[in-house]
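Position 1 is the first residue of the sequence; numbering continues from there.
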Amino acid sequence: MLNIVIFGAPGSGKGTQSKLIIEKYGLHHISTGDILRQEIEQKTALGLIAEEYIAQGHLVPDQLIIDMMADILDRYPSAKGYIFDGFPRTLSQGEALDTMLSERNLAITAVLRLQVNEKLLIDRMLKRKEELGRSDDNLETIQNRLHVYKTQTDSLSEYYKKKGKLFKVEGDGLVDDVFEHITEVINLLSV
Ligand code: AMP
């Protein structure tokens, strides 16, 4: 089973590249951001709590996210593999994911870290606001999200580096070129 974490700052192309990975490798996509946005739309208890955090660009508390994830993993027992997009975002989420997977005799195969310069991240998110109208893609919230990434999420890549699972991918280029780098890494893994 191929279980991939797609890792990187907001706007680094995780969602876009995930879609391409799913098409090529038939993995099941789990995007915590997409799931939370659905919960908000459906006005569930979790959605009502998450809404405030998301609007401010802060992380939704770990335990809520971890419980949500455990529930989702059990919904697709026959998946060929997972792509985790936007999760984990803290060390405790990373540790919880490892525990959840090992309880199911699974493990993370690789973490793909998309590297994109900050100016481009901001430009991409502002453009996405025009196209998709995501309310957290405004300049103030974007700056909070980038700060949260630097202070709470980025260091998680060390955790995976120590396990020998971290692969860096240049994410500044065209979508297809970035995807080509990703497939080179994944193809090496699957051999
Ligand atoms: P994303 O679509 O991945 O950029 O996520 C949008 C927002 O959802 C983030 O800014 C957080 O507020 C929240 N969120 C998504 N995934 C997580 C997570 N793994 N942990 C905490 N908050 C999250």
Side-chain angles (χ1 to χ4, degrees), residues 1-22 25 27-36 53-54 57-66 68-69 72-73 81-102 106-125 136 141-173 175 177-190:
M1 228 171 140
L2 190 60
N3 294 310
I4 291 185
V5 173
I6 189 133
F7 190 85
S12 59
K14 300 187 295 294
T16 304
Q17 294 298 330
S18 291
K19 288 197 186 93
L20 298 172
I21 296 171
I22 296 155
Y25 298 95
L27 305 182
H28 185 81
H29 185 208
I30 300 183
S31 155
T32 42
D34 285 352
I35 296 165
L36 291 169
Y53 291 96
I54 294 179
H58 295 147
L59 294 184
V60 175
D62 280 340
Q63 203 51 52
L64 290 176
I65 296 286
I66 291 165
M68 177 179 103
M69 189 53 69
I72 288 162
L73 277 182
Y82 293 101
I83 176 144
F84 297 98
D85 166 5
F87 174 86
R89 263 174 150 104
T90 61
L91 182 59
S92 47
Q93 290 183 17
E95 289 169 345
L97 177 61
D98 282 345
T99 307
M100 277 183 248
L101 290 175
S102 76
L106 303 172
I108 293 296
T109 319
V111 175
L112 306 178
R113 185 182 197 275
L114 293 174
Q115 324 220 93
V116 176
N117 86 63
E118 190 163 317
K119 170 147 190 341
L120 187 57
L121 292 173
I122 296 172
D123 288 350
R124 281 185 185 172
M125 282 186 273
D136 59 345
T141 311
I142 287 172
Q143 267 152 357
N144 286 345
R145 287 158 66 202
L146 289 172
H147 178 74
V148 164
Y149 176 77
K150 280 184 215 154
T151 52
Q152 297 182 56
T153 304
D154 196 28
S155 59
L156 183 59
S157 55
E158 275 303 306
Y159 173 75
Y160 290 111
K161 192 174 171 191
K162 281 190 195 130
K163 292 174 183 282
K165 294 191 172 174
L166 185 72
F167 296 84
K168 294 181 184 171
V169 177
E170 279 308 322
D172 280 346
V175 170
D177 295 340
V178 175
F179 184 57
E180 204 176 308
H181 292 306
I182 288 181
T183 54
E184 280 164 15
V185 174
I186 296 182
N187 291 343
L188 282 175
L189 296 168
S190 345

message = Taking the side chain as everything from C-beta on, heavy atoms only, tell me whether T153 gets closer than 4.5 Å to F7.
response = yes

key: Min side-chain heavy-atom separation L121-I142 under 4.5 Å   = no

inquiry  = Run the side chain to side chain contact (heavy atoms under 4.5 Å, CB included) test on L36 and I65 for me, step by step, so that the C-alpha distance in whole Å, both residues' side-chain angles and the decisive distance to 0.1 Å come before the verdict.
reply    = CA-CA 9 Å; L36 291 169; I65 296 286; 3.9 Å; yes

inquiry  = Using the salt bridge (charged side-chain N to carboxylate O under 4.0 Å, His left out) criterion, which residues pair with R113? Sequence neighbours excluded.
reply    = D154

ask   = Any idea which heavy atoms bring I22 and L27 closest together, and the distance?
value = CG2-O, 3.3 Å

message = Just by distance, no angles: are the side chains of N187 and Y25 close enough, under 3.5 Å, to form a donor-acceptor pair?
response = yes

remark   = All heavy atoms of K168 vs all of Q115, minimum pair found to be CD-NE2, 3.7 Å

query = Does I66 offer a backbone N or O that forms a donor-acceptor pair with the side chain of Q93 under 3.5 Å?
reply = no

query = Out of curiosity, F84 CZ to T32 OG1, how far, rounded to the nearest 0.5 Å?
reply = 10.5 Å

message = Within the 4.5 Å heavy-atom criterion, are L106 and L73 side-chain neighbours or not?
response = no

message = Surrounding NZ of K19 (heavy atoms of other residues, nucleotides or ligands, distance under 6.0 Å), is the total greater than 12?
response = no

remark   = To the nearest 0.5 Å, atom CG of L156 lies from atom CG of L166 at 9.5 Å

task = Ignoring hydrogens and angles, tell me if any N or O in the side chain of D172 forms a donor-acceptor pair with the backbone of N117 under 3.5 Å.
result = yes

Side-chain heavy atoms of V148 within contact of R89, under 4.5 Å = no

query = When you measure from the side chain of S155 to the backbone N and O of T151, does any donor-acceptor pair fall under 3.5 Å?
reply = no

Heavy-atom side-chain proximity of F87 to I30 below 4.5 angstrom = no

message = On a heavy-atom basis, which atom in L101 and which in A107 lie closest, and how many Å separate them?
response = CD1-C, 4.0 Å

task = With sequence neighbours excluded, tell me which residues meet side-chain contact (heavy atoms from CB on, under 4.5 Å) with S92.
result = D62, T90

request  = Measure the acute angle between the ring planes of Y82 and H28, then classify it against the limits of 30° and 60° as parallel, tilted or perpendicular.
outcome  = perpendicular

message = With rounding to the nearest 0.5 angstrom, report the CG to OG1 distance, N3 to T109.
response = 5.0 Å

inquiry  = Give me the atom names and distance for the closest heavy-atom approach of P88 to Y160.
reply    = CG-OH, 3.2 Å

key: Distance in Å, I35 CD1 paired with H29 NE2, rounded so as to fall on 0.5 Å steps   = 8.5 Å

task = Assess whether side chain to side chain contact (heavy atoms under 4.5 Å, CB included) is satisfied between H181 and L112, documenting all intermediate values.
result = CA-CA 10 Å; H181 292 306; L112 306 178; over 6 Å; no

key: 4.5 Å side-chain heavy-atom contact, T183 and L20   = no

request  = For the residue pair V5 and K165, establish whether any side-chain heavy-atom pair is separated by less than 4.5 Å.
outcome  = no

query = T141 and I54: which non-hydrogen atoms are nearest, and at how many Å?
reply = CG2-O, 3.9 Å

ask   = Would you say K14's side chain and G86's backbone share a donor-acceptor pair under 3.5 angstrom?
value = no

ask   = Which of these, D177, I4, L114, sits in a side chain to side chain contact (heavy atoms under 4.5 Å, CB included) with I182?
value = L114

request  = Using a 4.5 Å cut-off on heavy atoms from C-beta on, say whether the side chain of M125 contacts that of L146.
outcome  = yes

inquiry  = Tell me whether K163 forms a cation-pi arrangement with Y159, defined as NZ or CZ under 6.0 Å from the six-membered ring centre and within 45 degrees of its axis.
reply    = yes

Rounded distance (nearest 0.5 Å) linking atom OG of S157 with atom CZ of F167 = 13.5 Å

inquiry  = Working to the nearest 0.5 angstrom, can you tell me the gap between D85 CG and D34 CG?
reply    = 6.5 Å

